[in-house]
Peer 1: 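This is the structure I have questions about; it appears just below.
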Amino acid sequence: MGFAMRMQMNEEIIKKQSFRNLYINGAKNGFEFDVQLAYYRGHFLSDIDLLEVYVDGEKLPTEAVTFELNGKEMPVYKLSHAVTEFWSQVAPARIRAVKKGGLSAGEHELELKLMLRVPYMQIGPGHTFMPLDSGDKVTVTVAD
């Protein structure tokens, strides 16, 4: 992909204050954070073409990442089937990632690669629609 529309409507896409380690069965085994859509309109979850999470440059396996919106949590591969789930620009979504041991105390670089297609902006023949970059990269500080 050679280009993508970028229109950040919020100060933060990744809500740094929401970042925290996840404890599963009493052990630190992952983390979660909230994100807000970086566009003036909402989108159906089926418009998400790419969702990847990186920590300190390491891509987490897709099967270790889930997306939660309005109390419904789903693995990344199911997003393309979520044709009735609408993500409003003002509603935060939660990203969860399973990672053995979670993240150690200190600073970590957190990157979300999030690409959507804008279904009302056809830019080519067939089903070629305007790509929308709604990703972000931030530094988070882990206390525990």
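The shown structure was predicted, so the numbers you read here are calculated from the model rather than taken from an experiment.
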Peer 1: With hydrophobic residues grouped by side-chain heavy-atom distances under 4.5 Å, do Val98 and Leu110 end up in a single group?
Peer 2: no

Peer 1: Please answer whether the main-chain N or O of Gln89 pairs with a side-chain N or O of Gln36 as donor and acceptor at a distance below 3.5 Å.
Peer 2: yes

Peer 1: With a 4.5 Å heavy-atom cut-off, do Phe67 and Val76 have their side chains touching?
Peer 2: no

Peer 1: Do you know the tightest heavy-atom contact between Tyr54 and Glu52?
Peer 2: OH-OE1, 2.7 Å

Peer 1: Looking at Ala143 and Ala105, what are the two nearest heavy atoms and their distance?
Peer 2: O-CB, 4.0 Å

Peer 1: What's the spacing between Trp87 CH2 and Asn70 CG if we round to 0.5 Å?
Peer 2: 11.0 Å

Peer 1: List the atom of Ile13, the atom of Ala38, and the distance in Å for their closest heavy-atom pair.
Peer 2: CD1-CB, 3.4 Å

Peer 1: Any sub-3.5 Å donor-acceptor pair from Asp136's side-chain atoms to Ile14's backbone N or O?
Peer 2: yes

Peer 1: If you take all heavy atoms of Leu60 and Ala97, which pair is closest and at what distance?
Peer 2: CD1-CB, 3.6 Å

Peer 1: Output yes when a side-chain donor or acceptor of Ser18 lies under 3.5 Å from a complementary backbone atom of Asp34, and no otherwise.
Peer 2: yes

Peer 1: Phe31 and Val55: which non-hydrogen atoms are nearest, and at how many Å?
Peer 2: CZ-CG2, 3.3 Å

Peer 1: Looking only at heavy atoms, which two atoms of Lys28 and Leu103 are closest? And how far apart?
Peer 2: NZ-O, 3.3 Å

Peer 1: Under 3.5 Å, is there a donor on one side chain and an acceptor on the other for Thr139 and Glu109?
Peer 2: no

Peer 1: For the hydrophobic clusters of this structure (ILVMFWY residues joined by side-chain heavy atoms under 4.5 Å, transitively), does one cluster hold both Leu69 and Met74?
Peer 2: yes

Peer 1: Is there a side-chain contact between Leu37 and His43 in this structure, where contact means two heavy atoms from C-beta onward sitting under 4.5 Å apart?
Peer 2: yes

Peer 1: Please work out which of the three classes, parallel, tilted or perpendicular, describes the rings of Phe19 and Phe33, given edges at 30° and 60°.
Peer 2: parallel

Peer 1: If you draw a 6.0 Å radius around CZ in Arg20, do more than 12 non-hydrogen atoms from other residues or ligands fall strictly inside?
Peer 2: no

Peer 1: Please assess Arg94 against Glu68 for the test salt bridge (charged side-chain N to carboxylate O under 4.0 Å, His left out), listing each intermediate value before the final yes or no.
Peer 2: CA-CA 5 Å; Arg94 177 153 297 153; Glu68 181 185 327; 5.5 Å; no

Peer 1: Regarding Glu73 and Lys78, does a basic nitrogen lie under 4.0 Å from an acidic carboxylate oxygen?
Peer 2: no

Peer 1: Linking I/L/V/M/F/W/Y whenever their side-chain heavy atoms sit closer than 4.5 Å, directly or via other members, would Val138 and Leu112 fall into one cluster?
Peer 2: yes

Peer 1: Would a 4.5 Å heavy-atom cut-off, applied to side chains only, mark Leu116 and Phe44 as touching?
Peer 2: no

